[in-house]
S.K.: 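Below you'll find the structure I mean.
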Amino acid sequence: MSETSRPLNFIERIIEEDLKSGKVNTIHTRFPPEPNGYLHVGHAKSIWLNFGLAQRYGGTCNLRMDDTNPEKEDEEYVESIKADVQWLGYQWDGEVRYASDYFDQLYDWAVYLIQQGKAFVCDLNAEEMRQYRGTLNEAGKESPFRTRSIEENLDLFERMRAGEFADGSRTLRAKIDMASPNINLRDPVLYRIKKATHHQTGDKWCIYPSYDYTHGQSDALEYISHSICTLEFEDHRPLYDWCIQNLPVPAEPHQYEFSRLNLNYTVTSKRRLKQLVVENHVDGWNDPRMPTISGMRRRGYTPKAIRNFCEMAGVTKVEGVVDLSMLEHAIRDDLNEISPRAMCVLHPLKVTLTNYPDDKVETMTAPVHPQNEAMGTREMPFCCEILIDQDDFREEANKQYKRLVLGKRVRLRNSYVIEADAAIKDADGNVIEVRARVIENTVGKDPADGVKAKGVIHWVSARENVDCEVRLYDRLFNDPAPDAGGKNYLEFINPHSLEILQGCKGEIGLANATLDDRYQFEREGYFVLDSKYSTPEKPVFNRVIGLKDTWEKAAS
RNA sequence: AGGGCUGUCGCCAAGCGGUAAGGCACUGGAUUUUGAUUCCAGCAUACCUAGGUUCGAAUCCUAGCAGCCCUGCCA
């Protein structure tokens, strides 16, 4: 990731121009999630963007809970959000902020707007307000309450706050323009009555400010220089600016919009993710197949890989769909570099080495990482009974097949070359054991007779190994766009997205694996202990992602 | 009486009037005790369409077309 050579994205360009012109001196950004669900890969991009920008330009980034709707929010979510941001490698400036920290100030400013004749208490109910709003093609009508006196508005607003009126019976609205082609400017609601307990402010308030009335002022109070959000808020920018211009705020922040991240074969909407969890299509919010940050964490993705992926995908206003292969590349790229290698046989097939003494045990030494000597070496016992993968043996095969074949040779990785002599089968004709011979003096060198092995396969001692469960994951959906158009994404759930393998046998070093270690099981992929089900007695490994496999593709 | 935004390779994405970067994917080939990694090579006479301006246009102008967002007291 040569961050230095990458061309600037449009937001970086704006920032550099602002810095250069002196429009701003310091960069202050913020990541403003609503604590009403778990964060997903789309939020990861926003986190990367906001925190990354602050980092790059020597500024700071706040974490602010956009908590203006107590009915949908919960403390559980704020905790998960904090954990996710930190896991991604970022630290917010100072304390976590809450839009609710500003409720008093926001209230005072609402009173100010009323005093300026720019806001009024409206008695229209939701249905009436909809009718008065007009449509996309027709101007709206002014509320009959729009002309109330400032005194009456002040009195009514105070009583709204005091709890005298029922939920939904009145609102405070900005007085802007009912004929605006931008519906957000047709006297938008600033405050609504909700007699609900708030997770931060308890029962102090029964009126709550709307997002539009809250966001810009919160930005101003935090001296946010660049308020970055997604494209759907473009139409709200005029209202954001209206509030800033009509209120005695301490700063004049600006909003910029970029396109949200879309990934194919993936669903990212809090509503849909929640349904997957609630209806038990997955094993919780952190199911390793989920695109949630907690899911990716449990799956074994690394923060660095996710950050690199965000950078690779770029920042624009084009609404595209990023190919999953780009994410997978980022994951493999990082894992390849950092992962210790190990051997683990997923579908064990016993191989008896008939010319190797039954009581002999040799210690084989192998590099922890073939491209990085500094990572050291590891050792594993070798004896006359070993296990290889069922897929790595065939009684006969064409020359494309580079594994063990009857009468042919294969290299046991980090060990001897062996030659298969016989296949022992059960009553159903399944091969249950292979008899083979070790070719002498082939550890670290080719056979003296010049007959080289065709390929290399992994193995593990049948007598000394780590028994484990392995979970193989595949994409959660079969369809590239499971929720496009009118499609019901539940119909595209991949029935083979989770395959649980029991009785897998790993090399002995795997007994020391910790939750933080990611291994490359050679020739298989990258694996990590599952934080939910793994125990010291019974390790459970998640496959983070398979190795790139050009052979399987060519063969199929 | 509609408004806002976006259209460059299969997917992301540079480009900002001087003759189409890069990444992913894909295809060859080299090295390899991982069919991995690494390495090298190939991969848009073409930039939504049609006109126009210009010596020269993906970039400027005009007219279209397509997609996304907006009619919550959600964010």
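Keep in mind that the numbers below use all heavy atoms, side chains included, and drop hydrogens, waters and symmetry copies. Chain letters run A, B, ... following the sequence lines, proteins first and then strands; every chain starts at 1. These numbers were taken from a predicted model, which means no experiment stands behind them.
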S.K.: Over how many whole Å does the gap from A:Asn9 atom CG to B:C12 atom C1' extend?
M.R.: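 To the nearest whole Å, that distance equals 14 Å.
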S.K.: Counting only heavy atoms not in A:Glu337, do more than 12 sit closer than 6.0 Å to its CD atom?
M.R.: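 Counting neighbours around CD of A:Glu337, 12 or fewer heavy atoms of other residues, nucleotides or ligands fall under 6.0 Å, so no.
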S.K.: Roughly how far apart, to the nearest Å, are B:U19 and B:G3 at atom C1'?
M.R.: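 My reading of the C1' atoms in B:U19 and B:G3 gives 38 Å.
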S.K.: Quick one: list whatever passes salt bridge (charged side-chain N to carboxylate O under 4.0 Å, His left out) with A:Arg186, sequence neighbours left out.
M.R.: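 Once residues adjacent in sequence are excluded, A:Arg186 has no partner under the salt bridge (charged side-chain N to carboxylate O under 4.0 Å, His left out) criterion.
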S.K.: Considering only residues two or more places apart or on different chains, which pairs with a residue in residues 253-275 of chain A satisfy ring pair (Phe, Tyr, Trp, His ring centres under 6.0 Å)?
M.R.: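 Only A:His226-A:Tyr256 qualify under ring pair (Phe, Tyr, Trp, His ring centres under 6.0 Å).
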S.K.: Provide, to the nearest angstrom, the distance between the CG atom belonging to A:Asp323 and the P atom belonging to B:A25.
M.R.: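 Taking atom P of B:A25 as the reference, CG of A:Asp323 is at 9 Å.
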S.K.: With the 90 degree cut-off around zero defining syn, does B:G72 come out syn or anti?
M.R.: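 Because its glycosidic torsion lies within 90° of 0, B:G72 adopts the syn conformation.
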S.K.: Quote, to the nearest angstrom, the P distance that separates B:G52 from B:C73.
M.R.: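 It works out to 50 Å between them.
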S.K.: Say you pick atom C1' in B:U37 and the same atom in B:A30; how far apart are they, in whole Å?
M.R.: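 To the nearest whole Å, 14 Å.
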S.K.: Closest-nucleotide mapping onto RNA chain B: is A:Val318 or A:Glu138 further toward the 5' terminus? I mean the 5' end.
M.R.: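 By nearest-heavy-atom nucleotide position, the 5'-most residue is A:Glu138.
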S.K.: Would A:Arg332 and A:Tyr526 count as a cation-pi pair here, with the cationic atom under 6.0 angstrom from the ring centre and within 45° of the axis?
M.R.: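 Here A:Arg332 fails the 6.0 Å and 45° test against A:Tyr526.
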S.K.: Apply the test salt bridge (charged side-chain N to carboxylate O under 4.0 Å, His left out) to residues A:Lys317 and A:Glu234: give CA-CA distance (whole Å), side-chain angles for both, the deciding distance (0.1 Å), then the verdict.
M.R.: CA-CA 11 Å; A:Lys317 300 186 73 136; A:Glu234 266 176 323; 2.7 Å; yes
S.K.: Strictly under 4.0 angstrom, non-hydrogen atoms only: write out the protein contact profile of nucleotides 66-75 of chain B, one letter per nucleotide from the 5' end, B, S or -.
M.R.: --BBBBSBSB
S.K.: If you measure from the P atom in B:A66 to the same atom in B:A50, how many Å do you get, rounded?
M.R.: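 Comparing P positions in B:A66 and B:A50 gives a spacing of 15 Å.
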S.K.: Return the value, rounded to whole Å, for the distance between atom CD of A:Glu234 and atom C1' of B:G4.
M.R.: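 It is 6 Å, rounded to the nearest whole Å.
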S.K.: Nearest whole angstrom, please: distance from the C1' of B:C12 to the CG of A:Leu327.
M.R.: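 Those two atoms, CG and C1', are 12 Å apart.
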S.K.: Can you name the closest pair of heavy atoms from A:Asn414 and A:Pro367 and give their distance?
M.R.: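 Looking at all heavy atoms of both residues, the shortest contact is OD1-CD, 4.1 Å.
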S.K.: Can you check the distance between B:G7 and B:U49, where both ends of the measurement are the P atom (answer in whole Å)?
M.R.: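 So the two P atoms sit 14 Å from each other.
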S.K.: In whole Å, I'd like the distance from the CE atom of A:Met326 to the C1' atom of B:G10.
M.R.: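 Computing the A:Met326:CE to B:G10:C1' distance gives 12 Å.
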S.K.: Apply the side-chain contact (heavy atoms from CB on, under 4.5 Å) test between A:Pro209 and each candidate in A:Leu106, A:Leu190, A:Val189, A:Asn69; give the one that qualifies.
M.R.: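 Of A:Leu106, A:Leu190, A:Val189, A:Asn69, side-chain contact (heavy atoms from CB on, under 4.5 Å) with A:Pro209 is met by A:Leu106 alone.
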S.K.: Could you give the distance separating B:G4 and B:G18 at their P atoms, to the nearest angstrom?
M.R.: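 Each nucleotide's P atom is 30 Å from the other's.
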S.K.: Of all the nucleotides listed (B:A14, B:C5, B:G23), which has the minimum atom distance to the side chain of A:Met312?
M.R.: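 Given the options B:A14, B:C5, B:G23, the side chain of A:Met312 is closest to B:G23.
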S.K.: Rounding to the closest angstrom, what is the interatomic distance between B:C24 and B:A63 at atom C1'?
M.R.: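 Looking at atom C1' only, B:C24 and B:A63 are 37 Å apart.
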S.K.: Within the 4.0 Å limit for protein heavy atoms, which parts of nucleotides 34-44 of chain B are touched? Write it as a string from 5' to 3', B for base, S for sugar-phosphate only, - for none.
M.R.: BBBB-------
S.K.: Applying a 4.0 Å non-hydrogen cut-off, can you work out what A:Thr316 is touching in the nucleic acid: base, sugar-phosphate, or nothing?
M.R.: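 The residue A:Thr316 makes sugar-phosphate contact but no base contact.
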S.K.: Touch check for A:Val321, heavy atoms < 4.0 angstrom, all strands: base, sugar-phosphate only, or nothing?
M.R.: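 Sugar-phosphate contact only.
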S.K.: Between A:Tyr416 and A:Asn441, which heavy-atom pair has the shortest distance, and what is it?
M.R.: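 Result for this residue pair: CE2-N, 4.3 Å.
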S.K.: Roughly, in whole Å, what's the span from CZ in A:Phe309 to C1' in B:C24?
M.R.: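 To the nearest whole Å, that distance equals 10 Å.
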S.K.: Starting at atom CZ of A:Arg6, determine the distance to atom P of B:C12, rounded to an integer number of angstrom.
M.R.: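 These atoms are roughly 18 Å apart.
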S.K.: What's the CG-P distance between A:Asn264 and B:C11, to the nearest Å?
M.R.: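 Distance check: A:Asn264 CG to B:C11 P gives 11 Å.
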S.K.: Strictly by Watson-Crick or wobble contacts shorter than 3.5 Å, is anything paired with B:A41, and which nucleotide is it?
M.R.: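 Paired with B:A41, as far as the under-3.5 Å criterion goes, is B:U27.
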S.K.: Which residues pass the ring pair (Phe, Tyr, Trp, His ring centres under 6.0 Å) test with A:Phe541, not counting sequence neighbours?
M.R.: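 A:Phe541 satisfies ring pair (Phe, Tyr, Trp, His ring centres under 6.0 Å) with A:Phe521 only.
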S.K.: Just call it for A:Val443: base, sugar-phosphate, or nothing, with non-hydrogen atoms closer than 4.0 Å on any strand.
M.R.: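 Base: the residue A:Val443, judged by heavy atoms under 4.0 Å, touches a nucleobase.
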S.K.: Can you run down the ring pair (Phe, Tyr, Trp, His ring centres under 6.0 Å) pairs that involve residues 174-197 of chain A, sequence neighbours left out, and say none if there aren't any?
M.R.: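 Passing the test, one end in residues 174-197 of chain A: A:Phe157-A:Tyr191, A:Tyr191-A:Tyr213.
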S.K.: Report the base-pairing partner of B:G2 (Watson-Crick or G-U wobble, both distances below 3.5 angstrom), or none.
M.R.: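 By the stated definition (distances under 3.5 Å), B:C70 pairs with B:G2.
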S.K.: Taking the nucleotide of RNA chain B with the closest heavy atom to each, which residue, A:Ala313 or A:Arg13, is nearer the 5' end?
M.R.: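 Whichever sits nearer the 5' end wins; that is A:Ala313.
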S.K.: How far does the C1' atom of B:A58 sit from the matching atom of B:U6, given to the nearest Å?
M.R.: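 These two C1' atoms come out 15 Å apart once rounded.
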S.K.: Locate the shortest heavy-atom distance separating A:Arg378 from A:Ala342; write the atom from each residue and the value.
M.R.: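 Nearest heavy atoms, A:Arg378 then A:Ala342: NH1-CA, 3.6 Å.
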S.K.: Whom does B:U49 pair with, Watson-Crick or G-U wobble, provided both distances fall under 3.5 Å?
M.R.: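 With both distances under 3.5 Å, B:U49 matches B:A63.
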S.K.: With sugar-phosphate meaning primed atoms plus P, OP1 and OP2, does A:Gly140 contact a base, only sugar-phosphate, or nothing at under 4.0 Å between heavy atoms?
M.R.: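 The residue A:Gly140 makes no contact with any strand.
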